[in-house]
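Report on one structure; see the data block that follows.
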Amino acid sequence: MSPVTGRGPRAAAGALVALLVAGVLVVVVAALDQGGPGGDALAVPPPGTRPGEVVARVATPPAPGAVVAAFGAVWSTHPGAGEVARLTGDGAGTVPVGDGPVALAAGEDALWVALRGEDAVARVDPVALEVTDRVPVGRAPAAVLVAAGHVWVSDADDGTVTRIDPATAEVVTTTEVGRSPGALVADGEAVWVADRGDGTVTRLDAATGGRTASFAVGGSPGDLEVVGGSVWAALYDEAAVARLPLDAVDAALAPGAATEDRTVVEQVGVGAGAYDLLGHGGDLLVAGELSGTVTVVDGASGAVRLTLPAGERPVALAVAGDAVWAADAGAGRVVQVTPGSEWGEPRSIAVGRGPAALAAAGGLLWVADARGDSVSVVDPFSVSVPARATPVGDTPVALERTADALWVATYGDDSVTRLDPSGAEVLGVTDVGRGPTALAAAGDAVWVANFDDGDVYRLDPSTGEATGEVNVGAGPAALLAEGGDLWVANSGDGTVTRIDVGAGAATATVPVGAGPVALAAGDGWIWVAGAGGTVSRIDPASASVTATAQVGGRPSDVAVFADAVWVADRLAGEVARLDPATGAVVDRIPVGSEPVALAGGAGALWVANRGSATLSRIDPATGRAATTPVGPLPTAVAVDEDAGLVWVSDGAGPSVTVVDVRTGAPTPVGTGAAPTAVLAVDGRAVVADSGGAGVSVVGPVRAGASS
């Protein structure tokens, strides 16, 4: 990742530093990139501004039904009006879809709406807000699911499930199941349908759409969920849920297994009127409409852990603000079932006359009021936790983490500060060379690149003491530890230096393209992005360039992820994809303006676009980018895969933006002024606040804005 510096007197030391200094210190008004799914901002107060209150109420067509968060908005069905509404905090835009829209699901680039009155499914373009296809299915479609590359529709009156190819909007298969099929759910290998009319759950092969088995579960199965390696069905009339362990199902379907061996169903007693199911943290949560409770079932063992009060008639569940919420249709409220990570007493918020469905988006809870003809927007609790700031030296610009410490390079006073692992206590400060801009842990040492001196210092990880110095090229701008060596990109003279970390000595100098600013390792190579428009591939053994790609523009960062090399082209507003085997450019993906930082993880490549104040998420399988607004002048991005979070420094803050990878929902979190570098650590973000001369630690935060 390219360094970002912020001290005026030294701006003339190199073109790279001068350009990035301006990016930190000059606040501009940036146009937001609205392109791609998820690109629209929800125009409501940011989460955390008025916790525990309704922050907006959006008037909708009569009787909103199903709701789903997708494509940067919340969408609701309105069967009486024959419409689907696109909701933001500013209001609702409607799309006429046909007779009786009762269910909807979001695909890769479209909404799919089941039209019960027309025996059809409508495909809705979420950008153009129009129906682009209408697909005939069986009689009385009841539910729709996008899974395994297809759209699945349960046809209640025909006892069938229709499978649609989303690319062609054509029916691929129609499969007979039980009577009155309704809810659908997928487990990866199969799609399951609840057959309300005959008390069964039918398993369909996800690859072919063919029926593989039916299991008698009892009662009239309603909602379905997959949690803890089992498929679960709500049995409203029996005050129970049925559990089908997937390993037992696989054994029952193995070649040679007798039909009677398919008795794999267990029943677990829950509150009366089991209605809505939700998987949460390995547990199954069951809304009991008639009992006024939410039952917490251990997803792995099937044992009931807790029964919690949830109002008068809980009919829907969702996660928002890192807590579980229930829609209480009886009292016109939403009830918080879980505060944060602990189970406890509920609290509630009045939302309307008859809340019937919930969706979470942007860290907020969206509540469809079936009797009030509106959708309420509730700020439950911000997922953000106030930052804790620790003063360090002047203009912190780079961060590194070791087992026993956090390290901060402070460009303004030529020092490195060593903090305890929590970031709360300063353990020591070490004077280094002029203009420290990058840090890396390699071997038994921490290394700091001194941009203005053209050298790299070696620091003792236990004491922080400088124990060695290695002269490199002019303007060392980035460091990379790989295979016992430290690689240094020298932006001032177009070279890369290889340092043997054991010996503490330079062992090779490799000429590359002009202005090398970023380094990455992968597929056995070292990759160097040069601001002059090239990407060089270095053989680490011979320290020689084996391929050079002419990317053009102004490369600003490079990453190796998902069997490809990715290069941010700041000038073109694109990310170039390179084939590691040949080093050649194979694709160019438009993102926001001025992409400056890349990070791979959580199934995607993440791109901070400084010019458009956006974050792009590139799917490596399709090469498509979805873009969402973040804070002004984003300069760095970090992925926390375990926590399911992406952190973006808002260079003109004071804030960082945390993004839930499951929903794409962004939430700003206040920090010190002008954050630059950011590290993701165990659900927390460590942020260098270059304008505030401090290091902020934000969190812990857990991804919680998903429905």
Side-chain angles (χ1 to χ4, degrees), residues 1 3 5 7 10 13 17 390-493 495-510 516 519 521 526 540 543 677 679 681 686 688 693 695:
M1 188 172 298
T5 60
R7 182 165 57 167
R10 285 202 181 132
V17 175
T390 301
V392 293
D394 182 14
T395 317
V397 294
L399 298 166
E400 182 59 292
R401 180 194 186 195
T402 58
D404 300 321
L406 290 171
W407 302 76
V408 191
T410 50
Y411 182 88
D413 59 5
D414 303 330
S415 68
V416 170
T417 300
R418 183 168 57 99
L419 304 172
D420 77 292
S422 72
E425 179 184 356
V426 174
L427 302 178
V429 179
T430 302
D431 292 334
V432 293
R434 294 184 304 147
T437 58
L439 292 166
D444 188 21
V446 174
W447 303 78
V448 55
N450 302 310
F451 188 93
D452 294 351
D453 283 346
D455 58 25
V456 175
Y457 276 22
R458 181 189 189 279
L459 308 180
D460 185 302
S462 300
T463 65
E465 179 185 356
T467 59
E469 176 184 344
V470 182
N471 291 323
V472 292
L479 301 176
L480 172 70
E482 179 66 17
D485 290 321
L486 182 72
W487 298 83
V488 187
N490 305 310
S491 64
D493 61 13
T495 64
V496 171
T497 299
R498 183 182 68 187
I499 296 175
D500 183 322
V501 296
T507 57
T509 299
V510 186
L519 299 163
I526 304 297
L679 283 178
V681 182
V686 181
V695 170

Compile the donor-acceptor pairs under 3.5 Å between side chains in residues 461-472 and protein atoms, sequence neighbours left out, one pair per line.
unit_1: T463; atom_1: OG1; unit_2: E465; atom_2: N; d: 3.1
unit_1: T467; atom_1: OG1; unit_2: R458; atom_2: O; d: 3.4
unit_1: T467; atom_1: OG1; unit_2: R458; atom_2: NH1; d: 2.8

Taking the side chain as everything from C-beta on, heavy atoms only, tell me whether L419 gets closer than 4.5 Å to T390.
yes
Could you list the residues that satisfy side-chain hydrogen bond (donor to acceptor under 3.5 Å, both in side chains) with T507, not counting sequence neighbours?
R498
Hey, are the side chains of I499 and V488 touching, using non-hydrogen atoms and a 4.5 Å cut-off?
yes
How far does OG1 of T497 sit from CG of L486, to the nearest 0.5 angstrom?
9.5 Å
Inter- and intrachain pairs under side-chain hydrogen bond (donor to acceptor under 3.5 Å, both in side chains), touching residues 398-410, at least two apart
R401-D682, T402-W407, T410-D413, T410-S415
Here the pair of heavy atoms bringing A478 nearest to A438 is CA-CB, 4.2 Å
Considering residues at least two apart in sequence or located in another chain, which fulfil the side-chain contact (heavy atoms from CB on, under 4.5 Å) criterion with V432?
V416, T430, P436, V448, N450, Y457, L459
If you round to the nearest 0.5 Å, how far is CG of L406 from OG1 of T417?
11.5 Å
Short question: side chain of D500, backbone of G502 - any donor-acceptor pair under 3.5 Å?
yes
For the pair D453 and R434, find out whether any cationic side-chain nitrogen is under 4.0 Å from an anionic carboxylate oxygen.
yes
Mind listing the closest non-hydrogen atom pair of T395 and G412 along with its distance?
CB-N, 3.8 Å
Going by heavy atoms in the side chains, are I526 and V496 under 4.5 Å from each other?
no
Using the salt bridge (Lys or Arg N to Asp or Glu O under 4.0 Å) criterion, which residues pair with D455? Sequence neighbours excluded.
none
Could you work out, with side-chain contact (heavy atoms from CB on, under 4.5 Å) as the rule, every residue matching A688, not counting sequence neighbours?
P396, L399, T676, A677
Please name all residues satisfying side-chain hydrogen bond (donor to acceptor under 3.5 Å, both in side chains) with D493, sequence neighbours left out, ordered by chain then number.
T495
Check S491 against F451 and note the closest heavy-atom contact, atom names and distance.
OG-CE1, 3.4 Å
W487 CH2 to L519 CG distance, which is reported to the nearest 0.5 Å
9.5 Å
Nearest atoms (heavy-atom pairs only) where A405 meets P421:
N-CG, 4.1 Å
Does L479 form a side-chain contact (heavy atoms from CB on, under 4.5 Å) with L439? I'd like the steps, not just the answer.
CA-CA 7 Å; L479 301 176; L439 292 166; 5.5 Å; no
